[in-house]
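All remarks here apply to the structure that follows.
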Amino acid sequence: MAWQWFHRLGSPKWFYEKTTAWLPWLGFISITLILLGSIWGLAFGPAEAKQGNSARIIYIHVPAAVLAMAGYYVMAISGAIGLIWRMKLSFMVMKAAAPIGAVLTFLALFTGAVWGKPTWGAWWVWDGRITSMVVLFLLYLGIVALQEAYQNQDTADKISSVLALVGMVNIPIIYKSVDWWYTLHQPATLKLTEKSSIDPSMGYPLLLMILAFYIFYAWVLLLRTRVEILKREQKTNWVQEIVAKG
Amino acid sequence: MMSTDTPSLRRAFWASLRRELLLSYRHKGDLANPLIFFLMVVVFTPLGISEEPRMLARIAPGMLWVIALLATLLSLDGLFRSDYDDGALEQMVLSPQPLACLVLTKVFAHWLLTGVPLTLLAPVLGVMLQLPEGGYGILFLSLLLGTGSLSLIGAIGAALTVGLRKGGLLLSLIIMPFYVPVLIFGSGAVKNAIEGFPVNAELAILTAMLLAWSVMAPFAIAGGLKISVRA
Amino acid sequence: MMSTDTPSLRRAFWASLRRELLLSYRHKGDLANPLIFFLMVVVFTPLGISEEPRMLARIAPGMLWVIALLATLLSLDGLFRSDYDDGALEQMVLSPQPLACLVLTKVFAHWLLTGVPLTLLAPVLGVMLQLPEGGYGILFLSLLLGTGSLSLIGAIGAALTVGLRKGGLLLSLIIMPFYVPVLIFGSGAVKNAIEGFPVNAELAILTAMLLAWSVMAPFAIAGGLKISVRA
Amino acid sequence: MPSLEFRQFTCQRDGHPLFNPLNFALNGGEVVQIAGPNGAGKTTFLRSLCGLFDEWTGEMLWQGTPLRVPDFSLCSQLLYLGHQPGVKKSLTAGENLRWFFGVQGMPFPGAVSDALAQVGLQGYEDTFCYQMSAGQLRRVALARLYISRAAIWILDEPFTAIDRFGVQNLETLLQRHVSNGGLVILTTHQPLAISGVRLIELQMAGRGGNDVD
Amino acid sequence: MPSLEFRQFTCQRDGHPLFNPLNFALNGGEVVQIAGPNGAGKTTFLRSLCGLFDEWTGEMLWQGTPLRVPDFSLCSQLLYLGHQPGVKKSLTAGENLRWFFGVQGMPFPGAVSDALAQVGLQGYEDTFCYQMSAGQLRRVALARLYISRAAIWILDEPFTAIDRFGVQNLETLLQRHVSNGGLVILTTHQPLAISGVRLIELQMAGRGGNDVD
Ligand code: HEM
Ligand SMILES: Nc1ncnc2c1ncn2[C@@H]1O[C@H](COP(=O)(O)OP(=O)(O)OP(=O)(O)O)[C@@H](O)[C@H]1O
Ligand SMILES: Nc1ncnc2c1ncn2[C@@H]1O[C@H](COP(=O)(O)OP(=O)(O)OP(=O)(O)O)[C@@H](O)[C@H]1O
Ligand SMILES: [Mg+2]
Ligand SMILES: [Mg+2]
């Protein structure tokens, strides 16, 4: 039955035991893909016509940016599930997702800034994309700060879920408004419907890296959720058995 | 023992609004605070940044909007705090009337006593900052619409942080991202007006945002307060 | 019954400082607040005012100083408030140790946790606001000296307004005039540095102000608190 | 007639039960004192009743139907007076009371000055609450009881800071309320001079069973 | 041996005396209860003693010499515990106590955990005060009495929110303090189980003379 599955998923113990087997696979695949993509992109891909080798930073910059945005929805939706169905596990996923998202956003910002110096001649420019990324970073920071600020975990979970939910509505608005506001940054080059404006020799390794980052994200998220489970359930028998086993 | 006249939401609404206005009236100082802040930054700006009229004129529209936004933001921390500390919030949560309506009165009062005065004062300070001719009307209109959204959004932040022993500016961090679109369209409208471009789009968007937040915010606020009060 | 080891001022000083630091450590959020505010305005500035690098570079020195000043000011309201509300201030007033010394620790802790982080963060935000090359060192130095004065002056205002049920930004009004010289010499130093002029005079004056306020402020603060507590 | 029933009911803090599970039923016409030493969980228990605390386990039944977390469906039936009385210091006594009833959707009670007189605050209707002594402030909060139409009164240490005569008055009032079929649930560390008080002792969890009834 | 004397002493609010002038002298070895209904001026009186309120008239003599307004010269001799106990909720019980003594220039008392045990808070030294019940919070403030070396204790309703055993303990402590020559001045609305309490009744001003002694 679908509902039975749903309820079992809500059980931290079931989730913990189930995912133990997935971990090594996810870790192995993501690391392999990242290595593969980097070697392809950095060593065998062509240098970009105008920007030269500095453009190779794209293989980190773009996947980080993509995941930073996708990560927000992972976080907000798991928060919403937690609020609606009062599911503790879902809150744990949310809590685990927030710092990962913040780090990825920071990575996108940082690589962007590093890239900006050779191409735009300045570390920092206020343009639409960049601004919306800063705003996203602040949204993540807000969630992390709320989680830290509340001593009572239950309250922290619910409060930050409400914030994440409200934020979910707001993200498209921010993107629209900031894009409309001022643009210097690259428009989207990878397009599904039309022909991509990026050369396939750079496009394929980039796509590979994005895929790799997705899997990597899932892996780290699982790891962090499991740590969170152990922390919160530390007084239960099954966790103590695991700890005793070492 | 039991009630004979049925309790009514309208009564609760008025009682609540009445109290907010009374409280603000008693703390006249608080009422003036956002205005003082506004004034203060307007004084500091030429001192610290530049006293050149041409320069001032260029930064004026944005500056006025940024300051109005900060003033709103800073006045928000106390919105639910004192009710939380002295137990009045519990009583509101326990009222049989929907909490979302009761908090809406608080937000409305906040806007009436912060947003509206700021809006009225802005043109005056515009003169001090050498705001060019064409900007005044739209400055007024955009602030009137925008401060409504600012109060509503800010109240969500205030509700989410009221349980912290000192919410302080963590509140700022939380709501800042939500203020960004309001700021962009608000100051955008004024800049366009000064340069003679049409401003209909910006004003329409500001109105739409105000409506959307008016519908959504009360529920988020009520939800946040209920969680906070139970902690 | 009576004391055998004599009470010592040194002990009182350390106990007081220790508590302030502990309290801030417990409210980590508060610690970050002035920084968040700083960051916030730096983000709002290009959004609201202008994103043009040339324009930003011109307003950056003043903007950074104005924001640092506002951030200090806004963090001051709570300086004595919670001690007043929960009765700890009475206990401090009743301590046999001179109140001026005890409050000095509070101000010192405030500077350590507000002024210093602001100073450290300012150059980073300078990059975001396109602050020209030559300004960074002096920005840092002038803020380091200036924020000390700002904390001391602000504490006087906080002491005088703590007895009001909600001091809020009335505080701002009181101390604003005293902040003006600090702002003028602080931002002046940075502007001069950028344009390659000497900055010795400005830095000397900032240092002198810091020393003068360090001597005078504690007594004014202690006086203000004693009056407030007796109201 | 209000009826409340508890089955294996206990409140938790940080995942640990505060007191041994309770099994008992309350009906209108009773004064119930929740007793126990400091930190036993009395306040927590009362807040759970009001829906202001939700880390509890077991069952709570109102008129026979179980209440779920979070559930404020008792709201309109109850009056809660906690450690923090919810009196605004910068309003006058009268304004505070009028707000209190207004916010529940009740018409502004004309009885405000009567109620204040009942708690010994004749002529204080227009006095600001920050000009009041500790006891007077609590009395403003207690004046609600003289106007309220709620059937269940939940009072957390209502006698705090109240002088001897004030306590007597209050006891008389409670007795009148229950004789009208109301239910009073209170905590206090002072001996009560009310006859027929039902005592529910909270026993620290993990110190032997109790199941009071 | 501490000695305090009052001559025609009364406190004022808004220019009106609160209670009829008092004339009496206190010496070490006494427990003195300031009594009176809510709003009689007990808190105001105690605060005047500490120098925390200065709208009073008449004379107050400490060891025979008159004290002037504003005068904190009694400071090092006294310990004041008011309606607001001065306990920071975001510090632990131990940190609160250590600050309290540190700020008076005393060495950090090693006795902190003993004192906490005495008020029934064994093992709570590292518990944050916001995690405490109302009574536990007051107990943290009361723990000061077990460490203090002050001769005069001024306690404004020290029994608030304290349970029965706590009150008994506190009474024993007060008795020990006065038997060591100390002076205790307190207010409370609960009956005291201490022998030989000296009662000073505050009588509302303008309702006939009293001059208690
Ligand atoms: C701090 C600065 C920067 C930030 C925050 C930033 C942020 C972003 C974001 C959010 C994306 C979107 C990914 C997507 O929508 O699919 C992106 C993609 C991209 N960025 Fe940046 N960026 C920055 C600087 C730069 C610089 C300096 C360059 C090079 C000139 C650059 C080149 C690109 C390219 C080529 C893409 C891929 C566009 C696409 O395929 O959609 N970025 N960046
Ligand atoms: N916010 C909190 N977080 C964690 N624990 C808490 C919190 N508040 C109270 N507690 C703990 O829960 C227990 C019960 O507290 P509660 O306030 O219900 O006690 P009480 O019976 O009302 O005591 P009192 O007679 O002192 O008012 C106490 O041991 C206290 O330490
Ligand atoms: N801040 C104030 N301003 C004006 N009047 C005040 C103020 N505080 C108290 N009063 C008045 O002074 C009188 C004495 O107050 P006080 O607090 O000393 O009473 P109390 O004897 O301690 O009463 P309780 O038993 O309620 O604590 C009261 O009638 C009160 O109304
Ligand atoms: Mg309690
Ligand atoms: Mg009193």
Side-chain angles (χ1 to χ4, degrees), chain D residues 11 13-14 16 18-19 34-47 82-85 93 119-124 127-140 142 156-170 187-191 193 201-202 204, chain E residues 11 13-14 16 18-19 34-47 82-85 93 119-124 127-140 142 156-170 187-191 193 201-202 204:
Chain D
C11 300
R13 285 279 187 188
D14 308 324
H16 294 288
L18 281 175
F19 43 82
I34 310 294
N38 288 138
K42 303 180 291 300
T43 298
T44 315
F45 176 75
L46 294 188
R47 290 179 69 90
H83 283 301
Q84 299 300 332
V119 292
L121 294 177
Q122 311 84 321
Y124 278 77
T127 305
F128 288 107
C129 291
Y130 62 80
Q131 292 184 333
M132 292 188 173
S133 76
Q136 289 167 335
L137 204 65
R138 294 286 305 183
R139 281 162 183 260
V140 174
L142 289 170
D156 202 355
E157 303 199 26
F159 305 128
T160 301
I162 303 293
D163 64 23
R164 221 151 359 106
F165 299 107
V167 171
Q168 279 170 17
N169 271 337
L170 197 54
T187 70
T188 178
H189 296 295
Q190 289 172 247
E201 191 88 38
L202 299 187
M204 299 283 194
Chain E
C11 300
R13 285 278 187 193
D14 308 324
H16 295 288
L18 282 174
F19 42 83
I34 310 294
N38 288 138
K42 303 180 292 299
T43 298
T44 315
F45 176 75
L46 294 188
R47 289 178 71 89
H83 283 302
Q84 299 300 331
V119 291
L121 294 176
Q122 310 87 321
Y124 279 77
T127 304
F128 287 106
C129 291
Y130 61 80
Q131 291 184 334
M132 293 188 172
S133 76
Q136 290 167 335
L137 204 65
R138 294 286 306 183
R139 282 161 183 261
V140 174
L142 289 171
D156 203 355
E157 303 200 28
F159 304 127
T160 301
I162 303 292
D163 64 24
R164 220 151 1 104
F165 298 106
V167 172
Q168 278 170 20
N169 272 336
L170 197 53
T187 71
T188 177
H189 297 295
Q190 289 172 246
E201 192 89 38
L202 299 187
M204 298 284 192

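Order of the sequence lines fixes the chain letters, A, B, ..., with proteins taken first and strands second; residue numbering starts at 1 for each chain.
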(request) Compare every heavy atom of E/E157 with every heavy atom of D/A161, then report the nearest pair and how far apart it is. (result) CA-OE1, 3.5 Å

(request) Give, as side chain, backbone, both or neither, the part of D/R13 having an atom under 4.5 angstrom from any heavy atom of chain E. (result) neither

(message) Taking side chain as everything from C-beta outward and backbone as N, CA, C, O, which of these in E/R139 sits under 4.5 Å from a heavy atom of chain D? Side chain, backbone, both or neither.
(response) side chain

(request) Find the one option among E/T188, E/I162, E/T187 whose heavy-atom pairs under 4.5 Å with chain D are most numerous. (result) E/I162

(request) Could you tell me which non-hydrogen atom of D/G39 sits nearest to which non-hydrogen atom of E/Q136, and how far apart they are? (result) CA-NE2, 3.6 Å

(message) Please check: side-chain N/O of E/N38 versus main-chain N/O of D/D163, any donor-acceptor pairing under 3.5 Å?
(response) yes

(request) Check whether E/T43 gets within reach of chain D through its side chain, its backbone, both or neither, counting any heavy atom under 4.5 Å. (result) neither

